[in-house]
Protein chains: 2
Amino acid sequence: MTPESYQLDDTDRRILLALDEDPRVPTMMLAQRLGLARGTVQTRMERLANSGALRPNSSRVKPASVGRGVSAVVSAELDQSHLEEAIAALSLIPEVLECVAPAGDTDLLIRAVAKDPDDLYRVSEEIRLCPGITRTSTSMILRDVIPYRTTALLNHLG
Amino acid sequence: MTPESYQLDDTDRRILLALDEDPRVPTMMLAQRLGLARGTVQTRMERLANSGALRPNSSRVKPASVGRGVSAVVSAELDQSHLEEAIAALSLIPEVLECVAPAGDTDLLIRAVAKDPDDLYRVSEEIRLCPGITRTSTSMILRDVIPYRTTALLNHLG
DNA sequence: TCCATGTTAGTCAAAATGATCAGTGATTCC
DNA sequence: GGAATCACTGATCATTTTGACTAACATGGA
């Protein structure tokens with residue numbers, strides 16, 4: 001339905017936050033809690049699911065719970081003419097969770113996970129060997145200071 | 001129940017991946033599809049929800065859908081003796097989605113969002129002014145090359 | 001003003017849920 | 001070897017929820 005551009009409003013955010021606190025709550029009770037009609041909540045949740053505003057459910061999985069307790073940031077420089085090839089190759093590495101292109105010196109910033117430091121070396125090598133990638137620098141993450149969240153953001157807008 | 005250490009097994013992963021493809025599917029049909037008994041799926045989903053292996057639902061929200069279409073990576077150096085203060089202060093900034101401490105030169109690597117480049121400047125300033133933070137360097141993200149995913153990882157283990 | 005949209009509030013039958021239980025296989029531990 | 005533990009199956013049950021539909025109301029824009 002809605003392509004990519006759907007903007008969540010206050011009601012959407014309240015629903016999402018309420019679901020964080022009580023993920024299994026039935027629509028009816030949720031509606032009561034928020035002071036809305038059931039139909040409204042139902043419509044909203046349906047819309048949310050189809051709006052493209054949410055990442056897939058599996059993105060909630062903490063890598064540590066599938067035995068990937070080691071996390072790293074890999075910055076990569078690349079031969080710009082082979083950008084798309086590099087992206088394609090990176091996509092094929094399961095341990096690559098995310099990759100962004102920042103402004104500045106670094107061409108690509110890659111978030112990767114591994115089983116242990118030794119495994120991280122392997123992953124890091126796989127990344128380095130991607131076509132188009134000329135140089136990488138891997139930093140293991142020592143501490144998850146603030147684990148990924150959007151709660152504060154959602155609350156803030158309210 | 002389970003604290004933080006629960007390891008997802010093959011069945012858990014299959015359930016999660018199936019839910020990605022069809023998020024609203026009822027437990028019964030899901031069980032059929034996976035060739036499991038309903039009770040099993042029910043137990044698994046319950047356990048998953050309580051295991052701490054999943055981030056809160058709201059972490060699925062794409063910041064762009066709440067008007068934060070601009071994303072940035074901020075690297076920060078800090079006065080190590082004020083680490084905890086800095087963390088506390090950063091936590092209070094809603095636009096700070098994540099913060100990790102990598103090995104190497106950078107003390108903290110912060111993922112932040114903003115409404116637009118102008119707003120990013122404001123957020124960036126807020127970060128810089130956190131107690132304990134001595135220097136920051138902000139890079140706007142130009143392109144989301146691989147959006148955050150765990151699908152490949154979950155599939156890979158199977 | 002009229003129209004479109006989103007909300008409320010209510011109904012309905014159909015379906016799913018959570019809670020059980022006994023039986024079975026696999027694994028571990030003694 | 002045997003006992004105990006654990007997870008899965010397949011089944012039943014009453015209760016609840018769901019999705020789909022109404023009609024009425026409010027709001028905001030054309």
Side-chain angles (χ1 to χ4, degrees), chain A residues 1-54 56-58 60-62 64-67 154-158, chain B residues 1-54 56-58 60-62 64-68 115 154-158:
Chain A
M1 299 291 129
T2 334
E4 268 291 329
S5 52
Y6 177 60
Q7 289 292 310
L8 276 54
D9 65 10
D10 188 58
T11 307
D12 292 315
R13 293 198 305 272
R14 286 176 61 216
I15 291 175
L16 287 168
L17 288 170
L19 280 177
D20 270 2
E21 286 171 20
D22 187 353
R24 338 185 106 277
V25 65
T27 316
M28 225 160 44
M29 226 167 290
L30 182 56
Q32 276 187 317
R33 247 175 246 182
L34 300 179
L36 299 170
R38 181 176 78 101
T40 307
V41 176
Q42 193 169 323
T43 309
R44 293 304 189 123
M45 305 223 299
E46 208 159 322
R47 191 197 301 170
L48 275 172
N50 302 332
S51 65
L54 301 180
N57 210 281
S58 64
R60 292 169 57 197
V61 175
K62 298 179 185 173
S65 68
V66 288
L154 291 179
N155 270 318
H156 173 62
L157 303 171
Chain B
M1 296 288 134
T2 333
E4 266 292 327
S5 53
Y6 178 61
Q7 289 293 309
L8 276 54
D9 64 12
D10 188 58
T11 307
D12 292 315
R13 293 198 304 272
R14 284 176 61 215
I15 291 175
L16 287 168
L17 288 170
L19 281 177
D20 270 2
E21 285 171 20
D22 187 351
R24 340 186 105 276
V25 65
T27 316
M28 227 160 41
M29 223 167 293
L30 182 56
Q32 275 188 318
R33 246 176 248 181
L34 299 178
L36 298 171
R38 183 175 74 101
T40 307
V41 176
Q42 193 170 321
T43 309
R44 292 304 189 124
M45 304 222 301
E46 207 160 320
R47 190 196 302 169
L48 274 172
N50 301 332
S51 65
L54 301 180
N57 211 280
S58 64
R60 292 170 56 198
V61 175
K62 298 179 186 172
S65 67
V66 288
R68 297 305 188 278
K115 290 184 214 168
L154 292 179
N155 269 316
H156 173 62
L157 303 171

*So, B:D9 and B:R44, do they make that salt bridge, N to O below 4.0 Å?*
yes
_Distance in angstrom units between B:D9 CG and D:dA7 P, rounded_ = 10 Å
*Of all the heavy-atom pairs spanning A:Q7 and A:D12, show the shortest one and how long it is.*
O-OD2, 4.4 Å
_I want to check one thing: is the phosphate of C:dG6, taken as OP1 and OP2, less than 4.0 Å away from some side-chain N or O of A:R44?_
no
*Quick one: label B:T43 by what it contacts on the DNA or RNA (base, sugar-phosphate, nothing), any heavy atom closer than 4.0 Å.*
nothing
*Under-4.0 Å side-chain N/O to phosphate OP1/OP2 contact, A:T40 with C:dT7*: no
*asked:* For A:L8 versus A:R13, what's the shortest heavy-atom pair and its separation?
replied: O-NH1, 3.7 Å
*asked:* Using whole Å, what does the distance between atom P of nucleotide D:dC8 and atom CG of B:L34 come to?
replied: 12 Å
*Give a yes/no answer on whether the side chain of A:R38 brings an N or O atom under 4.0 Å of OP1 or OP2 in C:dT7.*
no
_Side chain of B:R47 only, heavy atoms from C-beta on: which candidate in D:dT17, D:dA7, C:dA16 is closest?_
D:dA7
_Just the rounded figure in Å: distance from C1' of C:dG6 to CG of A:D12._
12 Å
_To check you understand the geometry: which heavy-atom pair defines the closest contact between B:Y6 and B:S51, and what is its length?_
CD2-CB, 3.5 Å
*Nearest whole angstrom, please: distance from the P of D:dG19 to the CG of A:L30.*
13 Å
_Quick check: closest heavy atoms across A:L19 and A:M45, and the distance to 0.1 Å?_
CD1-SD, 4.1 Å
_Whole-Å distance separating the OH atom of A:Y6 from the P atom of C:dT5_ = 14 Å
*Rounded to the nearest Å, what distance is computed from the CD atom of residue A:Q42 to the P atom of nucleotide D:dT16?*
19 Å
*May I ask you to say what A:M29 touches in the nucleic acid, namely base, sugar-phosphate or nothing, with a heavy-atom cut-off under 4.0 Å?*
sugar-phosphate
*asked:* Under 4.0 Å from OP1 or OP2 of C:dT17: is there any side-chain N or O of B:T27 that close?
replied: yes
*asked:* Between A:R24 and A:L36, which residue's closest nucleotide on DNA chain C lies nearer the 5′ terminus?
replied: A:L36
*asked:* Can you measure A:R14 atom CZ to C:dG6 atom P for me and round it to whole angstrom units?
replied: 18 Å
_Integer-rounded Å distance: C:dG6 P and A:L48 CG_ = 13 Å
